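What follows is a set of notes on a single structure, which appears directly below.
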Amino acid sequence: MVKITLKDGSVKEVPRGTSVYDVAASISGRLAKEAVVGTVNGKTVDLSYKIESNCELSILKFEDSEGSHAFRHTSSHIMAQAVKRLFPDTQLAIGPAIDNGFYYDFDTEHKFVPEDLERIEAEMNKIVKEDLKLERFEMPREEAIEFMAQLGENYKVELINDLPEDAIISFYKQGDFVDLCAGCHVSSTKEVKSIKLLSLAGAYWRGDEKKKMLQRIYGTSFPKLSMLEEHIHMLEEAKKRDHRKLGKELGLFAMMEEGPGFPFMLPKGMVVKNNLLKYWREVHDRADYVEIETPIMLNRHLWETSGHWFHYKDNMYSLEIDGEDFAVKPMNCPGGMLVYKTELRSYKDFPMRVGEIGRVHRHELSGALHGLMRVRAFTQDDAHIFMLPEQIKGEIINVVNLIDEIYKTFGFSYHVELSTRPEKSMGSLEDWQHAEDSLQGALEEMGINYKLNPGDGAFYGPKIDFHLRDSIGRTWQCGTIQLDMQLPQRFELTYIGRDGEKHQPIVIHRVAFGSIERFMGILIEEFAGKFPAWLAPVQVKLLTIADRHIPYALEVSKKLRAQGIRVEMDDRAEKIGFKIREAQLEKGPYMLILGDKESELGQVSVRSRDIGELGSLELDVFADTLLAEIAERALVSKFEKKE
RNA sequence: GCCGGUGUAGCUCAAUUGGUAGAGCAACUGACUUGUAAUCAGUAGGUCGCGGGUUCGAGUCCCAUCACCGGCUCCA
């Protein structure tokens with residue numbers, strides 16, 4: 001192992017020979033797609049540089065993203081050129097550079113099969129060798145349309161027609177291949193050194209499901225073969241952390257054909273889930289929330305009142321009983337509104353923070369399902385906050401801080417998005433404006449960077465979303481804060497104000513984990529199954545050396561369990577090396593090896609999943625240290641290796 | 001839902017051109033009583049996702065269907 005001191009002063013231990021790329025990836029908690037260079041002890045190195053000794057490393061602000069963009073963009077043109085050579089009838093749609101690679105959408109009679117990727121790749125490599133220079137030229141609109149029409153590129157004609165009046169229409173040419181393109185590109189095809197086509201996919205023209213489905217080819221490319229190899233290696237490593245694979249291996253949850261999209265929580269997964277909920281309740285109690293529970297199923301009238309019957313009827317599980325329609329709740333809100341109305345409320349009650357751990361069901365499209373990340377039944381850590389208009393900003397700041405605190409507990413980094421009024425929205429423009437301003441104002445006051453998503457809000461109000469990243473860099477919405485401008489009105493919520501009159505309260509709807517199941521998926525991938533002690537299904541694994549040590553092991557087990565520590569015993573007549581191996585693969589944080597020496601002295605020989613053999617400790621000392629680690633919800637072990 | 005791919009034992013995977021299913025791990029039984037990442041031997045385990053069809057014969061070919069994987073669309 002070598003020690004790396006990072007810019008922020010923190011120290012990281014990695015195996016000798018780890019590349020700068022891997023370090024950058026692990027720091028950012030994702031693929032180091034933008035990280036291109038760094039400095040090691042002040043000397044500039046590239047991503048493939050292997051770290052052989054202790055050093056100071058700083059990842060440079062990731063080479064200009066425009067550079068890698070141009071590089072990948074040229075790669076996508078090379079692919080289009082190769083496809084046109086092999087399948088001349090192909091029409092080109094669009095082919096941009098994306099994070100980590102590029103794609104191109106094609107329309108052709110030929111159905112691409114995986115074997116085609118190799119052929120196309122080979123042709124691309126030929127084009128690279130041909131050292132074709134990229135030349136840019138412009139054309140007036142009519143001429144450009146004529147030009148593309150002659151080539152039979154109907155999609156390009158459509159694109160040009162949709163360009164704004166004053167747009168400059170530019171093309172890039174490499175050899176006999178020309179493509180409508182705003183740029184930018186590298187100067188020659190020769191600069192692209194290593195290419196890998198990754199997958200085939202379908203994609204609707206212009207992202208519209210009513211339009212034709214085109215064939216998309218995804219690929220990636222690098223200026224050096226070693227970088228491509230590193231990248232492929234990273235993808236393979238990431239696959240090992242896939243929560244679907246680990247969920248099965250570690251016995252956390254299961255998916256069955258009998259219930260597509262309905263996860264089964266196994267005993268070990270349930271321990272994780274329950275500990276997340278316990279933590280949630282603790283944090284929310286401290287933040288002055290109360291908790292309620294509303295029915296899983298309510299009648300049609302309620303869903304008509306809330307607007308869900310109209311908007312989401314097809315995605316709701318409904319049934320008829322005693323001649324009346326019922327639906328399983330896809331959201332907790334309407335139930336929460338009914339609870340609000342059980343009493344006459346006063347402005348003095350505000351802000352009123354009402355939480356609900358609610359299980360909801362939504363009939364998602366079959367193709368959208370994805371492990372625990374996108375399911376049809378999930379548990380929301382919901383809460384509705386009822387308040388006065390002047391309390392909005394303060395409450396939003398409270399919630400943002402709460403979510404931040406929760407994510408920090410797990411060491412997660414996240415990004416924030418603000419989504420505004422969609423086309424199909426309800427409510428007045430003034431209300432929307434006020435709501436959007438409140439959300440934006442809170443974010444800006446807090447100095448939080450966010451991405452703006454115009455038109456992506458819910459039909460009933462704008463929202464702030466918190467996104468977390470999975471092992472291969474896909475992001476998933478977890479936390480969200482939504483201003484609801486519809487429900488208070490639809491449910492005729494009121495409170496008595498200072499003036500003695502009835503007024504309508506402001507409601508925000510928020511989740512921190514979002515979906516406990518999805519959050520668990522992220523957790524599993526983030527920790528690669530190695531949960532911190534407070535979440536680990538089995539915190540201590542007892543391993544006996546021989547049968548005669550079982551009584552002592554039972555005694556140790558009893559003492560630890562009496563202190564609330566989750567213990568499992570492996571008393572099989574197997575060699576200790578074998579038991580350690582199995583325990584290690586189960587990824588629990590601690591093992592205690594119990595033999596003659598330990599039973600005589602009342603000690604335990606401690607082995608940490610992460611650090612290895614720690615030496616012997618008094619049982620009480622071990623238990624106290626572990627309890628402290630659990631109580632603090634520490635992310636790293638509090639034990640130290642005895643020298 | 002759409003495009004493409006995959007589906008063989010609990011798990012990971014084999015099975016020439018269509019010729020009647022096999023290995024490792026796990027499980028079970030027995031021996032070994034073991035000191036920090038795999039002890040040995042034996043036993044058992046499959047309507048080849050499900051349903052049709054072609055064929056003398058189908059895990060292998062065709063059709064349909066379900067689930068999963070990669071995307072697209074969607075995500076209150």
Side-chain angles (χ1 to χ4, degrees), chain A residues 103 105 111-114 116-117 198-218 239 242 244-245 248-249 255-261 303 306-308 310-316 329-334 360 362-371 373-376 378 380 422 424 456-461 463 465 472 474 476-477 480 482 484 486-487 509 514-515 518 543-550 571-585 591-598 605-609 612-616:
Chain A
Y103 69 78
D105 287 345
K111 295 252 181 268
F112 290 125
V113 292
D116 288 333
L117 296 186
L198 298 169
S199 62
L200 283 168
Y204 299 107
W205 167 235
R206 302 206 130 178
D208 183 344
E209 64 176 325
K210 291 185 187 69
K211 298 209 163 105
K212 184 166 184 181
M213 180 158 277
L214 308 172
Q215 299 187 71
R216 175 174 297 180
I217 300 178
Y218 282 94
K239 266 192 201 150
D242 190 311
R244 292 165 295 190
K245 180 175 152 71
K248 182 184 270 187
E249 284 172 7
M255 291 303 211
M256 320 260 185
E257 254 185 55
E258 290 82 350
W303 302 113
S306 70
H308 289 95
F310 174 70
H311 276 275
Y312 293 109
K313 186 171 159 300
D314 292 341
N315 297 322
M316 287 163 69
K329 65 179 175 183
M331 284 189 103
N332 303 300
C333 316
V360 297
R362 300 176 179 181
H363 186 72
E364 303 289 0
L365 291 176
S366 59
L369 302 179
H370 183 102
M373 304 298 199
R374 190 82 183 273
V375 290
R376 286 175 171 158
F378 59 100
Q380 286 184 323
K424 279 189 184 174
D456 269 357
F459 70 87
Y460 51 73
K463 57 179 187 165
D465 294 332
I472 63 169
R474 288 177 287 220
W476 299 89
Q477 179 192 307
T480 170
Q482 307 180 350
D484 197 318
Q486 283 300 310
L487 290 186
H509 164 91
S515 142
R518 174 178 290 181
L543 309 179
T544 52
I545 299 279
D547 289 351
R548 63 178 177 281
H549 307 118
I550 293 176
D571 60 2
R572 291 175 302 170
E574 298 287 352
K575 286 193 170 179
I576 197 66
F578 177 75
K579 294 196 199 182
I580 288 171
R581 179 185 153 76
E582 295 217 323
Q584 197 74 39
L585 294 175
M591 290 161 238
L592 298 182
I593 286 112
L594 307 171
D596 288 336
K597 207 172 72 188
E598 290 76 18
S605 172
V606 185
R607 187 185 164 93
S608 146
R609 159 189 75 199
E613 199 174 341
L614 297 176
S616 288

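Chain letters run A, B, ... following the sequence lines, proteins first, then strands; residues in each count from 1. Predicted model, so just to flag it, every value in this text is computed and none were measured.
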Does [N] have a Watson-Crick or wobble partner in any strand here, with both distances under 3.5 angstrom, and which is it?
N: B:rC72; answer: B:rG1
N: B:rU55; answer: none
N: B:rU20; answer: none
N: B:rA41; answer: B:rU29

N or O in side chain of [X] less than 4.0 angstrom from [N] OP1/OP2:
X: A:H370; N: B:rG70; value: yes
X: A:R244; N: B:rG70; value: yes
X: A:R362; N: B:rC74; value: no

Next item on the list: May I have the distance from A:Q215 (atom CD) to B:rG71 (atom P), rounded to whole angstrom?
Entry: 17 Å
Checklist line | Separation of B:rU33 P from A:E574 CD (nearest whole Å) | finding: 13 Å
With respect to the side chain of [X], which nucleotide from [options] is positioned closest?
X: A:Y204; options: B:rC2, B:rC66, B:rC68; value: B:rC2
X: A:K575; options: B:rA76, B:rU39, B:rC75; value: B:rU39
X: A:K463; options: B:rA76, B:rU39, B:rA37; value: B:rA76
X: A:I576; options: B:rA76, B:rU12, B:rU34; value: B:rU34
X: A:I580; options: B:rU36, B:rG71, B:rG5; value: B:rU36
X: A:K111; options: B:rA67, B:rG4, B:rU39; value: B:rG4

Notebook entry, point to check: Taking the side chain from A:R376 and the backbone from A:E364, do they hold a donor-acceptor pair closer than 3.5 Å?
Noted result: yes
Check: Is the side chain of A:K579 donor-acceptor paired with the backbone N or O of A:T544 at a distance under 3.5 Å, no angle test?
Finding: yes
Check: Nearest nucleotide by nearest heavy atom, which residue falls closer to the 5' end of RNA chain B, A:S605 or A:M213?
Finding: A:M213
Note to self: Reading RNA chain B from 5' onward, which residue's closest nucleotide shows up sooner: A:G457 or A:P260?
What the structure shows: A:P260
Check: Is A:Y312 stacked on the base of B:rA76 when the test is centres under 5.5 angstrom and planes under 30 degrees?
Finding: yes
Check: Counting any heavy atom closer than 4.0 Å, what does A:A573 reach on the DNA or RNA strands: base, sugar-phosphate only, or nothing?
Finding: base
